[in-house]
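This one's a predicted model, so the numbers in the text were calculated from it and none came from an experiment. Residue numbers begin at 1 in each chain, while the letters A, B, ... track the order of the sequences.
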2 protein chains.
Amino acid sequence: MPTSITRTYSRYSRDAAALFGALIRQARNELKITAQELADRAGISRGLLQRIEKGNLKCEIGAVFEVAAIVGVKLFDANDSTMTKHLHQTKEKLTLLPKSVRKKSKAVHDDF
Amino acid sequence: MPTSITRTYSRYSRDAAALFGALIRQARNELKITAQELADRAGISRGLLQRIEKGNLKCEIGAVFEVAAIVGVKLFDANDSTMTKHLHQTKEKLTLLPKSVRKKSKAVHDDF
DNA sequence: TAAATATGGATCATAGAAAGACCATAAAAC
DNA sequence: GTTTTATGGTCTTTCTATGATCCATATTTA
């Protein structure tokens with residue numbers, strides 16, 4: 001076997017993903033929609049949704065975010081501390097937020 | 001071209017990933033470590049770190065969480081509202097958290 | 001200034017994630 | 001009870017994200 005690349009994950013990453021998945025599943029159950037329906041709405045397969053809800057770390061983050069957004073589990077809520085805490089300090093991030101579009105001074109340095 | 005499956009993402013997912021990547025980059029700059037060094041520590045390539053910092057949604061969530069944890073950008077902080085808010089309501093999630101390990105009543109229904 | 005280092009981006013091969021079946025069991029609905 | 005329906009898991013194929021390597025441009029250091 002030619003060097004299979006087994007990635008290691010920290011405890012924190014595993015816990016975070018597991019909890020995030022559990023939140024999604026809980027929200028889905030409260031909404032009373034089936035796994036198949038949620039998967040369809042997110043544009044993913046039911047199998048992938050299963051892995052997301054189990055906290056599998058080898059899922060693309062886009063799929064996870066989509067599912068989470070649909071059922072209403074959002075990491076980044078406008079009035080939530082997790083993000084806003086970090087937000088008020090820097091200027092770099094302003095270019096990223098949809099609301100405040102800054103005009104660049106001279107050349108294009110940001111590629112977002 | 002035989003039907004490439006182009007996935008679509010919601011506005012929210014794109015913004016969340018972009019902001020998350022920006023937070024990582026900001027934290028890395030404040031720590032004054034190079035992209036290569038952070039990538040090495042996370043066990044990923046520099047190219048992947050670049051994409052994470054740019055908010056690319058097609059990255060595995062495990063890699064994103066690892067990087068975030070290293071530089072100290074944590075979605076799920078113990079005393080942070082984003083997670084704890086949802087946490088105090090359900091019992092299902094308790095099996096997931098490292099601290100509170102419940103003993104199952106009879107058979108093994110949970111596979112975590 | 002020049003030399004060294006860091007970053008952005010592009011290309012390519014491949015390990016592996018995702019889709020799409022499948023089946024078995026579990027849970028609802030009847 | 002029976003009949004749907006939902007879920008968990010496995011397997012195979014398709015597709016793509018990742019790592020590696022390259023180069024160009026910034027940025028830093030001497």
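For Arg7(A), the listed nucleotide lying nearest its side chain is dT18(D); candidates were dT7(C), dT18(D), dG9(D). When the nucleotides dG19(D), dA17(D), dA18(C) are ranked by their closest atom to the side chain of Ser45(B), dG19(D) comes out on top. Here the nucleotide nearest the side chain of Lys58(B), chosen from dT7(D), dA17(D), dA18(C), is dA17(D). Nearest to the side-chain atoms of Lys54(A) among the listed nucleotides dT7(C), dA18(C), dG9(D) stands dG9(D). Considering only the side chain of Gln50(A), dG9(D) comes nearest among dA18(C), dG9(D), dT18(D).
Put simply, CG on Leu49(B) is 12 Å from P on dT18(D), counting in whole angstrom units. Summarising the geometry, the separation between CG on Leu38(A) and P on dG8(D) is reported as 13 Å, rounded to the nearest angstrom. The distance between atom CD of Gln36(B) and atom C1' of dA26(D), rounded to the nearest whole Å, is 17 Å. Here the P atom of nucleotide dT7(D) and the CD1 atom of Ile24(A) are 15 Å apart, to the nearest Å. With rounding to whole Å, Lys32(B) atom NZ is found 19 Å from dT5(C) atom P. For the pair Ile33(B) CD1 and dT7(C) P, the interatomic distance rounds to 10 Å; values are reported in whole Å. Here dA15(C) presents its P atom at 18 Å from CG of Leu48(B), a figure rounded to the nearest Å. Atom CD of Glu53(A) is separated from atom P of dA18(C) by 14 Å (rounded to the nearest Å).
The base of dG8(D) lies close enough to the side chain of Arg46(A) for a donor and an acceptor atom to sit less than 3.5 Å apart.
Between Arg51(A) and dG16(C), a side-chain N or O to OP1/OP2 separation shorter than 4.0 Å is absent.
When each of Glu60(B) and Gly47(B) is assigned the nucleotide of DNA chain C bearing its nearest heavy atom, the one mapping closer to the 5' terminus is Gly47(B).
The minimum heavy-atom distance linking Arg7(B) with Gly43(A) is given by the pair NH1-O, 3.6 Å.
Among the candidates Leu38(A), Ile52(A), Val64(A), the single residue satisfying the side chain to side chain contact (heavy atoms under 4.5 Å, CB included) test with Ile44(A) is Ile52(A).
The main-chain N or O of Ser10(A) is found under 3.5 Å from a side-chain atom of Glu66(B) such that the two form a donor-acceptor pair. Between the side chain of Arg14(A) and the main chain of Tyr9(A), a donor-acceptor pair closer than 3.5 Å is present. One N or O on the side chain of Arg51(B) and one on the backbone of Lys58(B) form a donor-acceptor pair closer than 3.5 Å.
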